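Here the structure is a predicted model, which is why all the values come from computation and not from measurement.
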Amino acid sequence: MSTIHPKITEVLTHTFKVPVGEIHPGSTMDSLEMDSLAVAEFAVLIRETAGGDREFDHLAKDATLADISRFIYAATDGGARRVGGAAVMSNAR
C-alpha cells in the first residue's frame with residue numbers, strides 16, 4: 001500500500017495543483033476543495049495510474065485519502081468494494 005499514496009500525491013499535485021502540504025492521510029476531496037468534476041477526473045486518473053481492472057467511477061468526497069489508498073490497494077489486489085464499512089468508490093455508471 002506504500003506505493004499508492006505517492007501516486008495519489010503525484011496526481012493531486014501535478015494535475016490538480018494541490019499543494020503538497022495539504023495532502024495527508026486525513027484529507028478529503030472536500031477539504032482539498034475539489035469539485036465534482038475534479039473528483040470524477042481524479043477517479044479516472046487514479047484508476048489509470050494505480051492499475052487494476054475495476055473502474056473507480058464514483059469517489060466519495062468525504063472519504064479520506066487513507067480510505068482511498070486502502071480501497072485502491074484492495075481493488076488492485078482483487079479486494080472488496082468497501083473500506084471500513086463505508087463505500088469509497090463504486091462501479092455504478
*Run the numbers on Asp35 and Met29 for side-chain contact (heavy atoms from CB on, under 4.5 Å), then give the verdict.*
CA-CA 8 Å; Asp35 63 22; Met29 298 291 104; over 6 Å; no
*Where do His24 and Leu65 come nearest, in terms of heavy atoms and distance?*
O-CD1, 3.5 Å
*Mind jotting down which residue pairs meet the salt bridge (charged side-chain N to carboxylate O under 4.0 Å, His left out) criterion with at least one end in residues 37-46? Sequence neighbours excluded, please.*
none
*Quick one: closest heavy-atom pair of Ile8 and Ser69, and the distance?*
CD1-OG, 3.3 Å
*Please examine the side chains of Ile72 and Lys7, heavy atoms only from C-beta on, and report whether any two atoms are closer than 4.5 Å.*
no
*All side-chain hydrogen bond (donor to acceptor under 3.5 Å, both in side chains) counterparts of Ser31, not counting sequence neighbours*: Thr28
*Among residues two or more places apart or on two chains, list those pairs meeting salt bridge (charged side-chain N to carboxylate O under 4.0 Å, His left out) that have a residue in residues 9-23.*
none
*asked:* If you compare all heavy atoms of Val39 against all heavy atoms of Met34, which two are closest, and at what distance to 0.1 Å?
replied: CG2-O, 3.8 Å
*Contacts of type side-chain hydrogen bond (donor to acceptor under 3.5 Å, both in side chains), residue Thr13, not counting sequence neighbours*: none
*Mind checking side-chain hydrogen bond (donor to acceptor under 3.5 Å, both in side chains) for Asp30 and listing every partner two or more places apart, or none if nothing turns up?*
Lys61
*Do Leu32 and Phe42 have side-chain heavy atoms sitting under 4.5 Å apart?*
no
